[in-house]
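Notes follow once the structure below has been shown.
So that the names make sense, note that chain A is the first sequence line, chain B the second, and so on, each numbered from 1. Every value quoted in this text rests on a predicted model; they were computed, and no experiment measured them.
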Protein chains: 2
Amino acid sequence: MTEEKAAPRKRRGSGRATIHDVARLAQVGSITVSRYLKQPSQVSGELGARIAQAVKELHYVPNLVAGGLASTHSRVVGMVIPNISGPIFANTIESFSDTLSAHGYQLLLASSYFSQEQEENAVRAFLGWSPAALVVTGPFHSKATETMLTQAQIPVVETWDYRPRRKPIQVGFSNLDVGQQQARYLLDQGYRRIAFVQNSVPGDLSALDRRDGYLEAMAEAGLQPWTFVPTEPAPFDAGRQAFEALALRKRGRAEAIIFANDNLAAGALLAGQRAGVPIPQQCALMGFGDYAISPLLLPSLTTIRPPARAIGEIAALRILEALGVVASDTPPAKARLNRLACDVIARESA
Amino acid sequence: MTEEKAAPRKRRGSGRATIHDVARLAQVGSITVSRYLKQPSQVSGELGARIAQAVKELHYVPNLVAGGLASTHSRVVGMVIPNISGPIFANTIESFSDTLSAHGYQLLLASSYFSQEQEENAVRAFLGWSPAALVVTGPFHSKATETMLTQAQIPVVETWDYRPRRKPIQVGFSNLDVGQQQARYLLDQGYRRIAFVQNSVPGDLSALDRRDGYLEAMAEAGLQPWTFVPTEPAPFDAGRQAFEALALRKRGRAEAIIFANDNLAAGALLAGQRAGVPIPQQCALMGFGDYAISPLLLPSLTTIRPPARAIGEIAALRILEALGVVASDTPPAKARLNRLACDVIARESA
DNA sequence: TTGTACGCGTTATCAC
DNA sequence: GTGATAACGCGTACAA
């Protein structure tokens, strides 16, 4: 009857060492191991050393799934972003992930492709993991998503936009302000017939906010606005199409064009080169995003640089604060610190 | 004594509806709910309808943490990639994530920045989640990482390289072959004094494989190899530095230069423009990666296009096959299908 | 087809 | 400072 310990246990388990194995080897209670791993200071030096030794010997890796179940919240944070491979959001993902993992949190990532339905699916899937927090892009969600975000009892952050009235933590900038900023920059340069080219991707609602800012600035200046919606799906093509419609017409040409993003502007710029149109002399171009290509174009592209890395880092910090992992900044200033500025990058094209 | 059901239960739980709540409302056993959610066909239509109704009413979201604990393997897959925001890997991440989530799996992501230590930390953290599979980049890991990958009883995929001898599933291409491919392309164009510029980032060992391929091809052709290691940390600067050292010298100039990546090549190309060096007439340039900027440069950059999206998608499919989620391709051909080709993108610079 | 009993590995609670 | 016990919510095994 010596089977008690030596018996090949017919567990369902994964075979990995558990906290009990560690506890047995270190001759302590398993709860003490748990404590030691979290707050070593609460465990006496002697036991701590024995535990550390056992952990090493067994190659023990804590089972975060079990821990998450027991404590009802896991150390993962879900993030839904329109796209991963685009030129804009990758920096946000990276700085967000790095800031999180520096504090022991992991990143669950999914992309929505500007589709509210895909966003909803991702949020639902993430909620199943009892994430410590959730990050979404922008304030435009399906009704079901709104409900889930509200009812989840965890910190929720909306990035890449800033609306003071909304309840989720906002980390980003006002796209409306940016649209005004763009229009005013061109107005200051002396341009008057200024057009705005929207994105041909329908779900990019933030770009519509920038357009509205442009409209406001034009109205203030007492000028007629002029918006164009390309039909070509690919951004370079859409930019070319817009350029042809706005800058290559015989009469009433645009003096300057604002594009919903740098790829559209790049398409227009290349179309201008091909047509021999001097830029910015005959038509100035301004983008949004400051993509990697923008400084390399000829002429280099004047654009707006969004604080992509800052958004990721600050979003992570606000989450860690809300979770009590890091000390919070001076609370009153917090909201203002979340509202970031975009810089006009003045180059040759405008 | 009517407290039985109405009593405010002092559970530790998250407050979310559980499978038991659904079962109670639908008046079925909780296991039936579980079954219905996985294989609705095994549950009779009537009960199924009641369950569906209850799920909707309670906004029930299955707790994946609990499910993962019970079944000892969760529906997450961990991926460690050198960097998220770089121009190369984002497409792999995106296609990988999309293929996974189409089958109900989630992506846990971390970046290593070409550091084996950071990779090790990420793998260790991921293992705590009992992931269904793990994906790493390349075959170069710390000893501890190797051990963990071997002992984890789950599918492991190494991407962005291809070494037939290694045990983990390989999905990628032979960097050695690519180096040869680059050198041979330039040799075919008639260039003889061909140099190779390494990455100034020390951990990029795949680039060294390409260099070795270049060395082999040069040896085969009976030509003297010439490698240069820039010291400037920023890629554009490093490319300029290399161009000045190899192409702007008074005698014995390089006729063609292969760069470890397109950013280095772009830096060189811009330096050439500035110095008034005709490219490719006086010095041809070839990159690797086919970044977004490369077709837009003047002259446009000849380069190698790695199958970034294919790597992500195929890696995901191999994992799903190994997990039995999707039917596998014809097994014998499988290994060969994992070895992908890189295309030479012949443009103006070489 | 449906249900019961139990275990998954950890942490919260409470006692010592 | 340390430990015993009971959840956490679901899936597996087996019985009905």
Side-chain angles (χ1 to χ4, degrees), chain A residues 7 9-51 54-55 58-76 104 127-130 132 153, chain B residues 9-51 55 58 60-75 127-132 153:
Chain A
R9 332 159 231 164
K10 284 193 183 175
R11 295 222 219 115
R12 316 197 300 229
S14 60
R16 267 169 39 197
T18 75
I19 204 170
H20 300 296
D21 298 329
V22 175
R24 202 179 310 131
L25 185 58
Q27 307 193 337
V28 298
S30 41
I31 189 65
T32 306
V33 177
S34 174
R35 264 198 288 262
Y36 172 77
L37 294 173
K38 298 240 164 337
Q39 298 151 338
S41 60
Q42 296 202 3
V43 173
S44 69
E46 194 195 354
L47 290 197
R50 291 221 304 268
I51 292 170
V55 165
L58 296 173
H59 297 292
Y60 170 68
V61 177
N63 186 326
L64 301 177
V65 179
L69 178 58
S71 63
T72 68
H73 57 267
S74 56
R75 283 167 112 77
V76 274
L127 281 178
W129 285 103
S130 307
Q153 300 293 327
Chain B
R9 333 159 230 163
K10 283 194 183 174
R11 293 222 221 116
R12 316 199 300 227
S14 60
R16 268 170 39 198
T18 75
I19 205 171
H20 301 295
D21 298 329
V22 175
R24 202 178 311 132
L25 186 58
Q27 306 193 339
V28 299
S30 40
I31 189 62
T32 307
V33 177
S34 173
R35 264 197 289 262
Y36 171 76
L37 294 173
K38 298 241 164 338
Q39 299 151 338
S41 61
Q42 296 202 2
V43 173
S44 69
E46 193 195 353
L47 291 197
R50 292 222 302 269
I51 292 170
V55 164
L58 297 173
Y60 171 67
V61 176
N63 186 327
L64 301 177
V65 179
L69 178 58
S71 63
T72 68
H73 57 266
S74 57
R75 284 167 111 79
L127 282 179
W129 284 102
S130 308
Q153 301 293 327

Counting just side-chain N and O atoms, does B/Lys38 come under 4.0 Å of either OP1 or OP2 of D/dC10? no
Options D/dC10, C/dG3, D/dG3, nucleotide nearest the side-chain atoms of B/His20: D/dC10
How many whole angstroms separate atom CZ of B/Arg24 from atom P of C/dT4? 14 Å
Starting at CH2 of A/Trp129 and ending at P of D/dC10, how long is that distance when rounded to a whole Å? 13 Å
Could you tell me the separation between the CG atom of B/Asp21 and the C1' atom of D/dG9, rounded to a whole number of Å? 10 Å
From CD of A/Gln27 across to P of D/dT2 the rounded distance in Å is 14 Å
Under 4.0 Å, heavy atoms only, any strand: does B/Val65 hit a base, just the sugar-phosphate, or nothing? nothing
Is there a side-chain contact between A/Ser44 and the phosphate of D/dT2, meaning an N or O under 4.0 Å from OP1 or OP2? yes
Closest non-hydrogen contact found for A/Ser74 with A/Trp129 is OG-O, 2.8 Å
Spacing of A/Leu37 atom CG relative to C/dA12 atom P, expressed in whole Å: 13 Å
Can you identify which nucleotide, out of D/dC10, C/dA12, D/dT2, has its nearest atom closest to the B/Ala66 side chain? D/dC10
B/Asn63 and A/Ser130, any side-chain heavy atoms less than 4.5 Å apart: yes
Test item: B/Arg35 side-chain N/O and B/Val43 main-chain N/O as donor-acceptor pair under 3.5 Å: no
Return no unless some side-chain N or O of A/Thr32 is found under 4.0 Å from OP1 or OP2 of D/dG3. yes
Candidates C/dT2, C/dT11, D/dG11 - which lies nearest the side chain of B/Leu47: C/dT2
Of C/dG3, C/dT11, C/dT2, the nucleotide closest to the side chain of A/Ala70 is C/dT11
Specify the separation, in whole Å, of atom CD1 of A/Ile19 and atom P of C/dC8. 15 Å
Does C/dT11 have OP1 or OP2 under 4.0 Å away from a side-chain N or O of A/Tyr36? no
Which residue lies toward the 5' end of DNA chain C, B/Leu69 or A/His73, if each is placed at its nearest nucleotide? B/Leu69
What I'd like to find out is whether the side chain of A/Tyr60 reaches to under 4.5 Å of the side chain of A/Leu37, using heavy atoms alone. yes
Should B/Ser34 be listed as having a side-chain N or O under 4.0 Å from OP1 or OP2 of D/dC10? no
Separation of C/dA12 atom C1' from A/Gln42 atom CD, nearest Å, is 14 Å
Heavy atoms of B/Arg16 and B/Pro62 approach each other most closely as NH2-O, 4.0 Å
What is the separation between atom CG on B/Leu127 and atom P on C/dG9, rounded to the nearest whole Å? 15 Å
Go through the N and O atoms of the side chain of A/Arg35 and the base of D/dG3, and report whether any donor-acceptor pair is under 3.5 Å. yes
Is the backbone of A/Val28 close enough, under 3.5 Å, to the side chain of A/Arg50 for a donor and an acceptor to pair up by distance? no
Nearest to the side chain of B/Ile31 - D/dC10, C/dG3, D/dT2? C/dG3
